[in-house]
Amino acid sequence: MPSAAIKPSNLPPRYSLPELALPAVLPTDAAALTALLHSVIAAHNDVKAQALGHMQHMMEQFILARHRMFGASSEQSSSQGRLFDEAEVLAAGSDAAQGVAPLPADTNTGGKNTTKPGRGKRGPLPSELKRVDVVHDVPEAERSCPCGTPMVVIGEDVSEQLDLVPMQVRVLRHIRKRYGCPGGVHAPVTAPLPPQPLPKSNASADLLAMLLVVKFVDGLPLARFEHVLARHGVTVPRQTLARWVIGAAGVLQPLLNLMRDALLDGAYLHVDETVVQVLKEAGKAPTSNSYMWVQTGGPPARPVVVFDYDASRGGQVPVRLLHDYRGYVMTDGYSGYNELMRTDGIEQLVCWAHVRRRFVEAVKVQPKGKRGLADEAVALIGKLYGVERDHKDAGDAARLLARQQHSVPALAALRAWLDKTLPGVTPKSALGTALSYLRDYWPRLTRYTERGDLPIDNNRAENAIRPFVVGRKAWLFSDTVAGANASAVIYSVLETAKANGVEPYTWLRRVLRDLPAAKTVDQVEALLPWNVKDLHTPDLTSILPG
C-alpha cells in the first residue's frame with residue numbers, strides 16, 4: 001500500500017496533523033504494529049489538544065468581544081459614556097443639594113461665602129472669576145417706617161448665581177493714525193500694526209485661540225464650528241478654518257521646540273502611540289493606519305506632553321524621536337521599542353497596568369461566580385498598587401524605602417506564584433498569554449523599584465493621549481500630512497498647558513498675541529506655561545483686547 005498522510009477533516013488547517021509516512025507494507029509483528037498504532041494515537045491526541053486550545057481561545061475572544069460591546073466598563077461612567085441621556089441619568093442620581101454649584105469665597109466680603117456648598121465631588125470654581133454686582137433696592141415709597149422716620153441702610157443680604165457670557169463675534173477695526181508734515185517736506189509717519197499671528201488673514205489672535213481650543217480641547221470638528229459662526233451671521237468656510245489651524249501650528253512651533261527640550265530634561269519619560277487615518281498620504285491607501293506618538297515627561301515641576309505624527313509604527317520612529325535622550329523610558333510591551341532600548345544610556349520600564357489588564361480579561365472569561373487563578377494574579381498585583389497609593393504624596397526617598405520594604409517582597413511572592421502556575425496553563429488561553437507576558441517582561445516590570453521616582457505604569461502617557469482619541473471620534477481623520485503634523489503641534493502645546501494647571505484658552509490667547517512679536521529665545525521661553533504669570537479670565541464684554 002502506498003504512503004499516506006493522516007489528516008483530520010474537521011479541524012482548521014493550522015491544527016492539522018503533521019504528515020505521518022506509513023510503510024508500503026504494514027508490519028505483521030505485533031510489537032511493531034502496536035508501536036505504529038501508539039504513534040498514530042499520539043499524533044491524534046496532539047491535534048485534539050491543539051483543537052481544544054483553539055476552541056478555548058476563540059470562545060474567550062467571543063466572550064471578551066461581547067463584554068466590550070455590551071458589558072459595563074469604567075468608560076461608560078465617564079463624560080463620554082452616556083451622551084444620549086446624559087441629563088436624565090445624571091439628574092436622577094443627584095439630590096436637591098446638588099442644585100447649587102460650589103462657589104469660592106468672595107474676597108470682597110472678607111472671605112465669607114454665604115452660598116451653601118454642594119455635596120457633590122466637583123471642585124470649587126476659580127476664585128478669580130469676575131463678580132458683577134446686581135443691586136436690588138427697596139422702592140423709595142417703602143423706605144419710611146410706620147412711625148414716620150425715614151429708614152436707613154443697616155446691611156444687605158448677598159447671594160450668588162453662576163452666570164455665563166455667551167461667545168461674541170465682533171470685528172476689530174485697527175485704526176492706524178497717520179501724521180504728515182504740513183509743508184510736505186518729509187514722508188508721512190503711520191502708526192505700525194502690532195505683529196499678528198497670521199498677517200495674511202483676517203483672523204485675530206483671540207479667534208485663533210478659540211478655534212484651536214474648541215477643536216483640540218473640546219473635540220469640536222471644524223464643520224461644526226463653521227455652523228457655530230454661521231449662527232452669529234458670519235460665514236467662514238471650513239477650508240478657511242483649516243488653513244488658520246495649519247498656520248497657527250507654524251506660529252506655535254518655536255514654543256514646542258522649547259517644550260521638547262524640557263521633555264528630555266526629565267529622569268524618565270513615557271511613550272505611547274495610537275492610530276490616525278490620513279486620507280492624502282503618498283504611497284498609502286486612504287484607509288490605512290498612520291500613527292500619533294506621544295511622549296510625556298520633563299522635570300517634576302514642568303510636565304511636558306509632546307505629540308509627533310509618523311506614517312509608520314516601526315521601531316525607527318521612537319529612535320528618531322528620542323535619539324538625544326538618556327534615561328528611563330516607560331512603555332507597554334510593543335516590540336517596536338526594542339531598537340530604542342538597545343541605545344546605550346536608555347533603560348526600559350514596562351507598564352504594570354498592561355499586565356493587570358490582561359489578567360482582568362482572563363477573569364472575565366472565567367465561569368461566573370467562580371474565583372480562579374486570574375483573580376489571584378489581580379490580587380497580587382493589587383498589593384503593588386497599594387504601596388504606590390499609600391505613598392503617592394511621599395518624597396522619593398520615602399517611596400523608595402516603601403518599595404524595598406513592601407513591593408520587593410510582594411514581587412517575590414508574585415514570581416513564585418508565576419513559576420508554579422505557568423506550566424499547568426494552556427499557552428493560548430487568556431490566562432496563559434497573560435502569564436507568558438508577565439514572565440517575558442519580568443526584569444523590566446520590576447525595575448521601577450530601583451528608585452523612588454520611577455513610575456509603576458504608563459498611565460500618564462495613556463491619559464495624555466486620551467484627549468486625542470476622544471477628539472478623533474468626532475473628526476475621524478486628517479485630510480493631509482500637513483494637517484496631521486499641525487494637529488501634533490497644537491495638541492502638544494495645549495496638553496502641556498493643561499498638564500501645568502493652566503487654563504488653555506486664556507494661556508493660548510496670551511501666547512498668540514505675544515509670540516509674533518517675540519524676537520529672542522528668552523521672549524519665547526517667557527510664554528511657556530510654567531513661566532506665564534498673572535493669567536486672568538478674559539473679559540469678553542470689553543471692546544478691545546486687554
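Being a predicted model, the structure only gives us computed values, none of them experimental.
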Trainee: Can you find a heavy atom in the side chain of F359 that is under 4.5 Å from one in the side chain of L438?
Mentor: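 Side-chain contact under 4.5 Å: yes.
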Trainee: Taking atom NE2 of H136 and atom OG of S159, what is their separation to the nearest 0.5 Å?
Mentor: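 One finds 7.0 Å between NE2 of H136 and OG of S159.
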Trainee: Please list all pairs passing the side chain to side chain donor-acceptor pair (under 3.5 Å) test where one or both residues lie in residues 249-262, with sequence neighbours left out.
Mentor: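 For residues 249-262, and leaving out neighbouring residues, the side chain to side chain donor-acceptor pair (under 3.5 Å) pairs sorted by first residue read Q253-N257, R260-D308.
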Trainee: Is it true that S290 and Q277 share a donor-acceptor pair across their side chains at a distance under 3.5 Å?
Mentor: no
Trainee: Kindly say whether S335 contributes a backbone atom to a donor-acceptor pair with the side chain of N338 at under 3.5 angstrom?
Mentor: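 Flag set: sc N338 to bb S335 pair under 3.5 Å.
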Trainee: Does the distance from a Lys or Arg side-chain N to an Asp or Glu carboxylate O, for D457 and R356, drop under 4.0 Å?
Mentor: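 Between R356 and D457 there is no salt bridge, as every charged N stays at least 4.0 Å from the carboxylate O atoms.
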Trainee: Tell me if a side-chain donor or acceptor on R399 pairs with a main-chain N or O of G452 at a distance below 3.5 Å.
Mentor: yes
Trainee: Answer yes when E388 and R403 have at least one side-chain N-carboxylate O distance shorter than 4.0 Å, and no when they do not.
Mentor: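 Yes.
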Trainee: Identify the residue among Y309, F307, W293 that makes a ring-ring contact (aromatic ring centres under 6.0 Å, His included) with Y491.
Mentor: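 Looking at Y309, F307, W293, the match for Y491 under the ring-ring contact (aromatic ring centres under 6.0 Å, His included) is F307.
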Trainee: Could you tell me whether the side chain of P455 reaches within less than 4.5 Å of the side chain of Y448, counting heavy atoms only?
Mentor: no
Trainee: Over all heavy atoms of both residues, which pair between T496 and P303 is shortest? Give the atoms and the distance, please.
Mentor: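 The pair with the smallest heavy-atom distance is CG2-O, 3.6 Å.
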Trainee: With side chains defined as the heavy atoms from C-beta onward, is the minimum distance between L193 and R176 less than 4.5 Å?
Mentor: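 In contact.
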Trainee: May I ask you to test the W244-L211 pair for a side-chain heavy-atom distance under 4.5 Å?
Mentor: yes
Trainee: side-chain contact (heavy atoms from CB on, under 4.5 Å), that's the test. Do L164 and L162 meet it? Break it down for me.
Mentor: CA-CA 7 Å; L164 180 67; L162 188 61; over 6 Å; no
Trainee: Quick one: pull up CZ in R238 and CG in L229 and give me the separation to the nearest 0.5 Å.
Mentor: 12.0 Å
Trainee: Mind checking the CD-CZ spacing from E339 to R320? Nearest 0.5 Å is all I need.
Mentor: 12.5 Å
Trainee: First locate atom CD1 of I346, then atom OH of Y325, and finally report the distance between them rounded to the nearest 0.5 Å.
Mentor: 7.5 Å
Trainee: Quick one: do K280 and D479 make a salt bridge, cutoff under 4.0 Å?
Mentor: yes
Trainee: So does C351 get a backbone contact from the side chain of D332, meaning a donor-acceptor N/O pair under 3.5 Å?
Mentor: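 No, because the side chain of D332 does not come within donor-acceptor range (under 3.5 Å) of the backbone of C351.
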Trainee: Could you tell me which non-hydrogen atom of H232 sits nearest to which non-hydrogen atom of M167, and how far apart they are?
Mentor: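 Shortest heavy-atom separation between H232 and M167 comes out as CE1-O, 3.3 Å.
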Trainee: Per the side chain to side chain contact (heavy atoms under 4.5 Å, CB included) rule, which among N531, V304, L263, V524 passes with L258?
Mentor: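 Only one option passes, and that is V524.
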Trainee: Could you tell me whether the side chain of E361 and the main chain of R358 form a donor-acceptor pair under 3.5 Å?
Mentor: no
Trainee: For the backbone of V135 and the side chain of D133, can you confirm whether one donor and one acceptor N or O come within less than 3.5 Å of each other?
Mentor: no
Trainee: Less than 4.5 Å apart, any side-chain heavy atom of V306 and any of L256?
Mentor: yes
Trainee: On a heavy-atom basis, which atom in L212 and which in L494 lie closest, and how many Å separate them?
Mentor: O-CD1, 3.9 Å
Trainee: Between E495 and K498, does at least one N-O distance fall below 4.0 Å, as a salt bridge requires?
Mentor: yes
Trainee: T446 and T449: which non-hydrogen atoms are nearest, and at how many Å?
Mentor: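 Closest pair (atom of T446, atom of T449, distance): O-OG1, 2.8 Å.
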Trainee: Backbone N or O of V214 within a donor-acceptor pair of the Y505 side chain at under 3.5 Å?
Mentor: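 Judged by distance alone, no pair lies under 3.5 Å.
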Trainee: I'd like to check T480 versus L279 (side-chain heavy atoms, cut-off strictly below 4.5 Å). Are they in contact?
Mentor: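 Not in contact.
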Trainee: Using the side chain to side chain donor-acceptor pair (under 3.5 Å) rule, pick out the option among E450, Q348, H270 that qualifies with Y328.
Mentor: E450
Trainee: Hey, are the side chains of M259 and V493 touching, using non-hydrogen atoms and a 4.5 Å cut-off?
Mentor: yes
Trainee: NZ of K284: more than 12 outside heavy atoms within 6.0 angstrom?
Mentor: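 Atom NZ in K284 is crowded, with more than 12 foreign heavy atoms closer than 6.0 Å.
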Trainee: Does the pair S312 and Y291 meet the rule for a side-chain contact (heavy atoms from CB on, under 4.5 Å), with working shown?
Mentor: CA-CA 6 Å; S312 171; Y291 295 88; 5.8 Å; no
Trainee: Looking only at heavy atoms, what is the nearest atom pair of P318 and L340, with distance?
Mentor: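 Closest pair (atom of P318, atom of L340, distance): O-CD1, 3.8 Å.
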Trainee: Does G333 offer a backbone N or O that forms a donor-acceptor pair with the side chain of Y441 under 3.5 Å?
Mentor: yes
Trainee: Kindly compute the distance separating CZ (R389) from CG (L384), expressed to the nearest 0.5 Å.
Mentor: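 These two atoms lie 11.0 Å from each other.
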Trainee: Can E525 and R302 be counted as an ion pair, charged N to O under 4.0 angstrom?
Mentor: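 Salt bridge flag = no for R302 with E525.
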Trainee: Look at the side chain of R510 and the backbone N and O of L527, then say whether any donor-acceptor pair between them is shorter than 3.5 Å.
Mentor: no
Trainee: So for atom CZ, which belongs to R243, do other residues, nucleotides or ligands contribute more than 12 heavy atoms lying within a distance under 6.0 Å?
Mentor: no
Trainee: Rounded to the nearest 0.5 Å, how far does CZ of F225 lie from NZ of K215?
Mentor: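 Separation between the atoms: 12.0 Å.
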Trainee: Find out whether Y337 and E273 are in side-chain contact, i.e. whether some heavy atom of one side chain is under 4.5 Å from a heavy atom of the other.
Mentor: yes
Trainee: Determine yes or no for a side-chain-to-main-chain donor-acceptor pair under 3.5 angstrom, with Q196 supplying the side chain and L198 the backbone.
Mentor: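 Not a single qualifying donor-acceptor pair exists.
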Trainee: May I ask you to check whether T343 and R326 show a side-chain donor-acceptor distance below 3.5 Å?
Mentor: no
Trainee: Could you tell me which non-hydrogen atom of L252 sits nearest to which non-hydrogen atom of L515, and how far apart they are?
Mentor: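 Taking L252 first and L515 second, the nearest heavy atoms are CA-CD2, 4.1 Å.
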Trainee: Starting from the C-alpha separation in whole Å, work towards a yes-or-no answer on side-chain contact (heavy atoms from CB on, under 4.5 Å) for L322 and Q295.
Mentor: CA-CA 9 Å; L322 302 176; Q295 310 117 74; 4.1 Å; yes
Trainee: Distance-only, no hydrogens or angles: does the Q523 side chain make a donor-acceptor pair with backbone N or O of K519 under 3.5 Å?
Mentor: yes
Trainee: Would D310 and M292 count as a side-chain contact (heavy atoms from CB on, under 4.5 Å) here? Give the steps.
Mentor: CA-CA 6 Å; D310 200 285; M292 194 68 77; over 6 Å; no
Trainee: Under 3.5 Å, is there a donor-acceptor pair linking the side chains of N463 and R460?
Mentor: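 Side-chain D/A pair, N463 to R460: absent.
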Trainee: Does NZ or CZ of R451 lie under 6.0 Å from the centre of the six-membered ring of Y268, at an angle within 45° of the ring axis?
Mentor: no
